[in-house]
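Some notes on the structure that comes next.
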Amino acid sequence: MSVADDEAEIEASRAPLMEHLVELRSRLIVCAAALAVGFFATFIFATPLIKFLLHPFAIAESLAEARKAGAGEMGSLQMLQALLGQHVVGHMKFISTQPLEVFFSKVKLGGFGAVVVSFPVLGWQLYRFVAPGLYKRERSAFLPFLIASPILFLMGAALVYYVMLPFVLWFSLNQQILGGAPGDVSVELLPRLSDYMSLVTTLVLAFGLCFQLPVVLSLLGMAGVVTARMLRASWRYAIVGVFAVAAIVTPPDPISMLSLAVPICLLYFASILCVQVIEWRRAKEET
C-alpha cells in the first residue's frame, strides 16, 4: 500500500471530536469493567494465590534445612531438591499484627491482580482507540509489541518467583541467631504477611517493568529517537544505569541486584539487535 493510500485511509477514518470522546468513554468503560472483573476474580481466589506466592519462602526454609544437614553429598542433594521444589519442608510461619491485615493484604493482591489479568483487554482497547490514526504499516508494526510486552512481563515475574525470592529469603533465614541453650540470645525471622506480600508484588512489578526495555527501545528506534549505533556507543553508561536502577528497586543485597541487573543488561544488547533489524527493514523499504 502506498503512502497516498495510507493517507486516504486515515482521512476516511476522520471523525468529529464528539465521536472521539464518545468512543473514548466507551473504551474506558470496557477497561473499568475488565479491571473490576479482574479484581473480584483475584479477590475470590486470594487465599490459594497467597499460598502460591508464599511457596518461595517454603523453598528458602527447605534450603536452610538442607544446609543444616551438612555440606556433604546428602546436604547438596537436599538443597538441589529444595530448589526444584521436590523437597519442601518449610512450615511457613507468618504473623499478623493488625486485625484486618490479612483482609487488606487480599485487597492489595486483588488490585495488583486486576491490572495483570486485565492487561490484554487494556492493551487491546488502547490499540483500537489509536489504530485509526496510524498508517497500515504502523498498525502491523505495533501489534507485535502488544504480544511481546506481557510475555516479557511474565518472564520478569518468573525470574522473581523461581530464582530471586528463594535465594534472597534463604539469605535472610541464614542471618537468624538461634540460641538453643538457656540464656542464649535468639533472633528468629517471623515476617508479617503484609510485608511479605508488599515485597513480592513490588519485585514482580519492578522486574516486569524493567523487562519492557526491548519494547521501549524498539519503539524509540521506530520513531527515530535512538539508533543502533547510538545504543552501541552508550553501552557502558547503560550498564552503569542498569546497576543503579537495580540497586534502587531491589532489596539491599547483592543477590537481588545481580538477579535484576544481569538479565536487563542482556536485554539491552538484545534491544540493540532489534533496533538494528528495524533500521535494516526501513532502509530496505526506502530503496
Side-chain angles (χ1 to χ4, degrees), residues 49 52-60 62-63 79-80 82-85 112-113 115-117 119-120 123 143-174 196-222 225-279:
L49 286 174
F52 174 77
L53 294 176
L54 293 178
H55 188 65
F57 190 86
I59 294 178
S62 302
L63 288 171
M79 291 183 69
L80 179 61
L83 186 59
L84 296 176
F112 180 78
V115 177
V116 175
V117 172
F119 177 80
L143 279 175
F145 294 107
L146 288 179
I147 300 175
S149 184
I151 293 176
L152 289 171
F153 187 92
L154 291 176
M155 289 174 59
L159 181 64
V160 172
Y161 184 84
Y162 291 106
V163 178
M164 200 203 80
L165 269 179
F167 281 105
V168 170
L169 296 172
W170 175 46
F171 177 80
S172 301
L173 289 170
N174 287 333
Y196 178 84
M197 296 302 298
S198 297
L199 174 66
V200 173
T201 53
T202 301
L203 289 178
V204 168
L205 184 62
F207 274 61
L209 293 178
C210 289
F211 268 57
Q212 304 301 312
L213 182 63
V215 174
V216 174
L217 290 180
S218 297
L219 288 174
L220 292 177
M222 291 179 60
V225 178
V226 299
T227 62
R229 182 178 180 181
M230 181 190 306
L231 295 176
R232 283 194 297 267
S234 306
W235 71 269
R236 295 179 180 85
Y237 304 103
I239 289 179
V240 173
V242 166
F243 274 87
V245 172
I248 294 173
V249 302
T250 59
D253 63 89
I255 299 177
S256 302
M257 185 182 68
L258 291 175
S259 299
L260 177 59
V262 173
I264 297 304
C265 289
L266 296 177
L267 288 175
Y268 178 81
F269 290 106
S271 302
I272 296 177
L273 180 60
C274 293
V275 174
Q276 185 67 71
V277 171
I278 292 172
E279 292 177 352

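These numbers come from the heavy atoms of this one structure, side chains and all, not from hydrogens, waters or symmetry mates. Numbers here simply count residues along the sequence, with the first being 1.
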Hey, what do you get for [atom1] ([X]) to [atom2] ([Y]), rounding to the nearest 0.5 Å?
| X | Y | atom1 | atom2 | answer |
| --- | --- | --- | --- | --- |
| Tyr161 | Leu203 | OH | CG | 14.0 Å |
| Leu220 | Ile278 | CG | CD1 | 10.0 Å |
| Ser172 | Phe167 | OG | CZ | 13.0 Å |
| Ile264 | Leu159 | CD1 | CG | 9.0 Å |
| Cys265 | Phe243 | SG | CZ | 5.0 Å |
| Ser149 | Leu209 | OG | CG | 9.0 Å |

Taking all heavy atoms of [X] and all of [Y], pick out the closest pair and write down the distance.
| X | Y | value |
| --- | --- | --- |
| Ala60 | Leu169 | CB-CB, 3.5 Å |
| Phe207 | Val160 | CG-CG2, 3.3 Å |
| Val215 | Phe145 | CG1-CD2, 3.8 Å |
| Ala228 | Val275 | N-CG1, 3.5 Å |
| Glu279 | Val226 | OE2-O, 4.4 Å |
| Met230 | Val225 | CE-O, 3.8 Å |

Can a donor-acceptor pair be found, under 3.5 Å and without considering hydrogens, that links the side chain of [X] to the backbone of [Y]?
| X | Y | result |
| --- | --- | --- |
| Tyr196 | Leu53 | yes |
| Ser234 | Tyr237 | no |
| Ser271 | Leu267 | yes |
| Tyr268 | Leu231 | yes |
| Gln212 | Leu152 | no |

With heavy-atom distances below 4.5 Å as the criterion, would you say the side chains of Leu165 and Phe57 are in contact?
no
Please determine whether side chain to side chain contact (heavy atoms under 4.5 Å, CB included) holds for the pair Leu217 and Cys274, giving the CA-CA distance in whole Å, both sets of side-chain angles, and the decisive distance to 0.1 Å.
CA-CA 8 Å; Leu217 290 180; Cys274 293; over 6 Å; no
Run the side chain to side chain contact (heavy atoms under 4.5 Å, CB included) test on Met197 and Phe112 for me, step by step, so that the C-alpha distance in whole Å, both residues' side-chain angles and the decisive distance to 0.1 Å come before the verdict.
CA-CA 11 Å; Met197 296 302 298; Phe112 180 78; over 6 Å; no
Hey, mind stepping through Ile239 and Phe269 against side chain to side chain contact (heavy atoms under 4.5 Å, CB included) and telling me if it holds?
CA-CA 10 Å; Ile239 289 179; Phe269 290 106; 4.3 Å; yes
